[in-house]
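One structure is given below, encoded as structure tokens.
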Amino acid sequence: MRNRVALITGGARGIGRGIAEAFVKAGARVVVADLATRADGDWSYDLSDASDLDQTVREQSAFGEISATAVDVTDAASCAAAVAATVSAYGGLDILVNNAGVVQSGPIDDFSESAWDNVFAVNTKGIFLMTKAALPELRKSTSAAIINIASIAGKKGHRNMAAYCGSKFAAIGITQSLAAELAGSGIRVNALCPGIVGTAMWLEHLLPTNALEPAQQAAEFEAAISQTIPLGRPQTAADMGAAALYLATAPNVTGVSLNVAGGIEMN
Ligand code: NAD
């Protein structure tokens with residue numbers, strides 16, 4: 001990883017921050033890209049803003065080279081600007097991590113068209129737009145890799161999750177198609193499928209808790225989730241960092257969708 005340049009979308013917090021930490025500690029030069037202003041609209045939990053990006057850079061710069069840029073992955077011009085900012089900071093781009101993602105859930109009868117469109121705009125079209133913007137730089141790299149953060153929700157459907165599961169099945173299909181298409185250019189494309197990680201998606205939307213203190217929130221989450229997982233604990237952002245590091249460096253691996261889920265999903 002030493003001196004390779006990585007761009008991580010949705011890198012301001014959560015799993016993206018965990019991947020940034022693993023990459024920086026391994027010697028990569030990392031740009032974390034995320035929304036720099038609060039997202040507007042009908043949203044059931046807060047997405048990141050500039051203060052989250054600042055916090056990631058502040059914390060991780062203790063370990064190595066990292067900087068931040070704003071991106072909205074649903075906007076082609078914004079994706080191009082994030083790639084340009086990466087090249088201007090570090091001179092190229094070797095690894096793209098399409099991690100930005102959103103969740104909305106609920107019965108289909110009550111699910112709004114705008115929520116459906118928002119989920120697909122970020123989780124699937126975002127991969128398309130970011131990859132398209134990054135490709136000219138990735139083609140110049142001798143060690144190019146794309147890692148799409150899909151989900152175990154992309155392996156099996158769940159009630160009240162049609163939009164999210166649909167968008168993550170799509171992410172795996174996009175991964176396999178691009179792996180086949182870009183292999184000739186020496187660009188590996190893999191998906192990482194996290195299991196259950198106690199980020200905003202779970203703590204503020206899927207399994208909200210009344211606890212106010214982060215430590216108590218984490219303890220309640222762990223107690224609720226642990227019995228459902230064969231290995232007996234929820235996954236962490238650090239688990240995802242370790243797996244992303246593997247996919248970034250495994251020279252003959254492309255087109256896989258790697259579960260990091262403690263055995264909840266085995267296919
Ligand atoms: P999170 O909400 O903490 O992080 C998601 C990040 O994406 C946020 O920082 C958010 O601001 C950013 N984002 C959202 N819309 C964006 C946009 N249009 N442009 C740029 N950035 C945008 O949640 P997380 O759990 O860290 O999620 C990271 C990825 O992991 C997502 O793709 C998610 O679907 C996936 N995932 C999470 C879990 C889990 O259990 N938490 C499980 C499986 C997959």
Side-chain angles (χ1 to χ4, degrees), residues 7-21 31-41 43-56 68-79 81-82 97-105 117-127 129-130 133 147-156 158 161 163-172 175 191-207 221-222 225 228-229 234-241 243-244 257-262 264-265:
L7 172 59
I8 304 172
T9 70
R13 70 182 189 195
I15 289 172
R17 185 182 283 171
I19 295 172
E21 179 166 341
V31 175
V32 281
D34 210 308
L35 299 170
T37 53
R38 284 265 176 243
D40 299 328
W43 211 247
S44 63
Y45 64 101
D46 282 340
L47 302 178
S48 293
D49 64 14
S51 66
D52 299 297
L53 269 178
D54 288 348
Q55 190 186 336
T56 298
T69 191
V71 76
D72 177 350
V73 299
T74 67
D75 180 89
S78 178
C79 293
V97 183
N98 285 311
N99 165 76
V102 292
V103 67
Q104 293 289 267
S105 61
D117 286 344
N118 282 338
V119 168
F120 275 82
V122 181
N123 296 4
T124 61
K125 189 176 174 188
I127 295 177
L129 292 178
M130 255 331 298
I147 301 168
N148 296 324
I149 308 305
S151 173
I152 56 166
K155 300 277 180 89
K156 190 167 86 186
H158 297 273
M161 295 289 281
Y164 187 74
C165 288
S167 74
K168 294 299 187 178
F169 270 75
I172 291 174
T175 299
L192 176 56
C193 298
I196 300 179
V197 188
T199 64
M201 286 192 175
W202 272 95
L203 300 177
E204 292 172 30
H205 179 78
L206 293 169
L207 196 69
F221 175 76
E222 180 139 0
I225 294 297
T228 64
I229 301 179
Q235 286 68 63
T236 63
D239 293 332
M240 302 310 142
S257 303
L258 178 66
N259 299 334
V260 182
I264 322 170
E265 174 60 59

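We count ligands from 1, going down the list as the structure has it; atoms in each ligand are counted the same way. Computed from a predicted model, the values in this text were never measured in an experiment.
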For [atom], find the nearest protein heavy atom and state the residue, atom name and distance (0.1 Å precision).
atom                    : value
atom 38 (C) of ligand 1 : Ile15 CD1, 3.9 Å
atom 42 (C) of ligand 1 : Gly195 O, 3.2 Å
atom 25 (O) of ligand 1 : Thr199 OG1, 2.5 Å

So does [Y] get a backbone contact from the side chain of [X], meaning a donor-acceptor N/O pair under 3.5 Å?
X      : Y      : result
His205 : Ser105 : yes
Asn259 : Glu265 : yes
Thr124 : Ala171 : no
Ser257 : Ala191 : no
Tyr45  : Val103 : yes

Counting each atom of ligand 1 from 1 as listed, which ones have a heavy atom of [X] under 4.0 Å away?
X      : value
Val71  : 19 (N), 20 (C)
Asp72  : 17 (C), 18 (N), 19 (N)
Ile196 : 40 (O)
Arg13  : 1 (P), 2 (O), 3 (O), 4 (O), 8 (C), 9 (O)
Pro194 : 42 (C), 43 (C), 44 (C)
Ile149 : 29 (C), 30 (O), 32 (O), 35 (C)
Trp202 : 39 (C), 40 (O), 41 (N)

Under 4.0 Å, heavy-atom basis, I'd like to know which part of [X] is in contact with ligand 1: side chain, backbone, both or neither.
X      : result
Gln235 : neither
Asn99  : both
Val102 : side chain

Considering only heavy atoms, which of [options] lies nearest to [atom]?
atom                    : options                      : answer
atom 19 (N) of ligand 1 : Val97, Val73, Leu192, Ile152 : Val73
atom 27 (O) of ligand 1 : Met240, Met201, Glu204       : Met201
atom 8 (C) of ligand 1  : Cys79, Ala82, Ser48          : Ser48
atom 44 (C) of ligand 1 : Ala150, Gly101, Ala153       : Ala150

State the [atom1]-[atom2] distance between [X] and [Y], to the nearest 0.5 angstrom.
X      : Y      : atom1 : atom2 : value
Lys168 : Asn123 : NZ    : CG    : 4.5 Å
Ser78  : Leu35  : OG    : CG    : 8.5 Å
Cys193 : Ile152 : SG    : CD1   : 8.5 Å
Thr9   : Asn98  : OG1   : CG    : 5.0 Å

message: What I want to check is whether the side chains of Asp54 and Ser51 have a donor and an acceptor closer together than 3.5 Å.
response: no

field: Non-neighbouring partners of Ala68 that pass side-chain contact (heavy atoms from CB on, under 4.5 Å), sequence neighbours left out
entry: Val32, Leu53, Val57

query: Is the closest heavy-atom distance from Lys168 to ligand 1 below 4.0 Å?
result: yes

